[in-house]
Engineer: 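Below is the structure I would like to discuss, written out as structure tokens.
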Amino acid sequence: MNVTLFENLKQFVGFSDADVEHLRDLAAVLEPHFPDVATRLYREAQRDPAGRKILAAPAAGAALRQALLVWLRSLCSGSYDADYFHSRAQVGRTHVRVGVPQYLVIAALEIIWQELSQTVVAAGIAAPQAKLAALHKLFMVETALMLESYRESHTAEVRQIEREALEDKLREAEQLAQVGQLAASLAHEIKNPLAGISGAIQVIRAGLKPSDAHYPVLGEVLRQINRLDRSVKDLLVYARPRPPQYQRCDLSRAVERVLTLLRKEPEFERVKFEYSVARHCPPIAADENQLEQLLVNLLMNAAQASAPGGLVRLTAVGDADGVQLVVQDHGCGMTPEVLRRALEPFFTTKARGTGLGLPICRKIAEAHGGRLSLRSTPGVGTEVTVELPEQPPAPAAGADDEHTRSDR
Ligand SMILES: Nc1ncnc2c1ncn2[C@@H]1O[C@H](COP(=O)(O)OP(=O)(O)OP(=O)(O)O)[C@@H](O)[C@H]1O
Ligand SMILES: [Mg+2]
């Protein structure tokens, strides 16, 4: 609140030099009544629980009464300048600070107005109407200033709340980034030994006959290693994204490879799978590993959402601009709340989910200059569409440095 507001208010109510004179004339008439005004005001305030509480504070009653008398005296002082405004602003801030409710302040101004206007009428002075009009204008200004103190404090409170919320978010983001870095380092450490273990088990299994009791056990071990490998890769892509390493990709081949991988998964064994890659679908510039990761995540989600025997369909169509991949299922679908949050990192409704699958798919799509969108109806099914341009997007500044920090 600044003095300009005060000047604008005076102008708005038409507060003139003549009003200043009228108010000066009233000083002598009103001053003897100020103690009575204060007495009535505090009597009325006692009827309100909040008023009683404020007046009950040690020394508050006397201090407030003193402040009120000062306030009343300056009302007819005739000097409605910056000092006057600042003293009013100070009173307003004090009211806010000691917790006087806004309604009590408005009620108090009304009581003071009644008392003073009745005194003017009863005094039998010259031109009472003009003097009352001047007093009334000043009361309008006073009321507006009081309200402004509350508005200001409310705005400050809202800002403070917003600032705290933002700080919380930043802290959370920093913590998440730290956890992400730690997880990424761990994942990096796990990836290579895991590949070694997987290779060794495949060699042992290849030496066994399928009738051997250990043969299916090792098959299960390999499946679990695959699962672990996927989670580790997801985490790495999420925590340390790297720019796509572009190469010409034939979609049919990528889908075939993904399917070979997925057909070993129990979730995938339960569903029927159909795919069609349109003949005119052009090869696109993409990172084959990332593209496969995207397909695996979307197809796994679709399979996990489907009832046994459910149909999961992948279609790819394209033209000179790029391709559109659609993964469709007739599974449980998503509620509006799940749909809203499905792309948030770590959001999952699954007991063993990490909640990174979809966010990673989106990251991969966007890194390729494309986009991912979801459509889902509970009980009907889900459709995930990924659009990828035929050409890679122009590299961002500094992208070359990133290549040297590649994780794979
Ligand atoms: N096809 C789908 N049908 C129904 N719900 C889905 C589908 N795909 C994703 N969701 C919902 O979105 C959530 C987030 O999916 P996302 O792939 O990110 O993580 P997740 O599948 O839970 O875990 P993860 O992929 O790490 O195993 C899922 O938990 C599920 O509730
Ligand atoms: Mg998933």
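Atoms within a ligand are numbered from 1 in the order they appear, just like the ligands themselves. Residue numbers run from 1 in the order of the sequence given.
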Engineer: If you look only at pairs with a residue in residues 353-366, which of them pass as a salt bridge (Lys or Arg N to Asp or Glu O under 4.0 Å), with sequence neighbours excluded?
Structural biologist: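 Applying salt bridge (Lys or Arg N to Asp or Glu O under 4.0 Å) to every pair that reaches into residues 353-366, excluding sequence neighbours, yields nothing.
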Engineer: Using only atom types and a distance under 3.5 Å, with no angle test, would you say the side chain of Y80 pairs donor to acceptor with the backbone of L75?
Structural biologist: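 Checked: pair present.
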Engineer: Would you say the side-chain atoms of R248 pair up with the backbone N or O of P283, donor to acceptor, closer than 3.5 Å?
Structural biologist: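 At least one qualifying donor-acceptor pair exists.
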Engineer: What short N/O contacts, under 3.5 Å, does ligand 1 make with the protein, listed by atom pair and distance?
Structural biologist:
unit_1, atom_1, unit_2, atom_2, d
ligand 1, 1 (N), D329, OD2, 2.9
ligand 1, 3 (N), T382, OG1, 3.2
ligand 1, 8 (N), N301, ND2, 3.4
ligand 1, 17 (O), N301, OD1, 3.1
ligand 1, 17 (O), N301, ND2, 2.8
ligand 1, 17 (O), L358, N, 3.3
ligand 1, 18 (O), G357, N, 3.3
ligand 1, 18 (O), L358, N, 2.8
ligand 1, 21 (O), N301, OD1, 2.9
ligand 1, 21 (O), K350, NZ, 2.6
ligand 1, 22 (O), T348, OG1, 2.5
ligand 1, 23 (O), T354, N, 3.3
ligand 1, 23 (O), G355, N, 3.2
ligand 1, 26 (O), T354, N, 3.0
ligand 1, 26 (O), T354, OG1, 2.3
ligand 1, 26 (O), G355, N, 3.2
ligand 1, 29 (O), T348, OG1, 3.4
ligand 1, 29 (O), T349, N, 2.9
ligand 1, 29 (O), T349, OG1, 3.2
ligand 1, 31 (O), T349, OG1, 2.4

Engineer: Can you tell me if Q304 has an N, O or S atom under 2.8 Å away from the Mg ion (ligand 2)?
Structural biologist: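 Short answer: no, not a single N, O or S atom is under the cut-off.
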Engineer: Output all residues satisfying side-chain hydrogen bond (donor to acceptor under 3.5 Å, both in side chains) with S306, sequence neighbours left out; order by chain, then residue number.
Structural biologist: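 Scan of S306 (side-chain hydrogen bond (donor to acceptor under 3.5 Å, both in side chains), adjacent residues dropped) gives none.
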Engineer: Without swapping roles, check the side chain of D212 against the backbone of K209 for a donor-acceptor pair under 3.5 Å.
Structural biologist: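 Looks like no, no N/O pair under 3.5 Å.
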Engineer: Taking only residues at least two apart or on different chains, which pairs with a member in residues 73-82 satisfy salt bridge (Lys or Arg N to Asp or Glu O under 4.0 Å)?
Structural biologist: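 As it turns out, the salt bridge (Lys or Arg N to Asp or Glu O under 4.0 Å) pairs with a partner in residues 73-82, which skip direct neighbours, are E31-R73.
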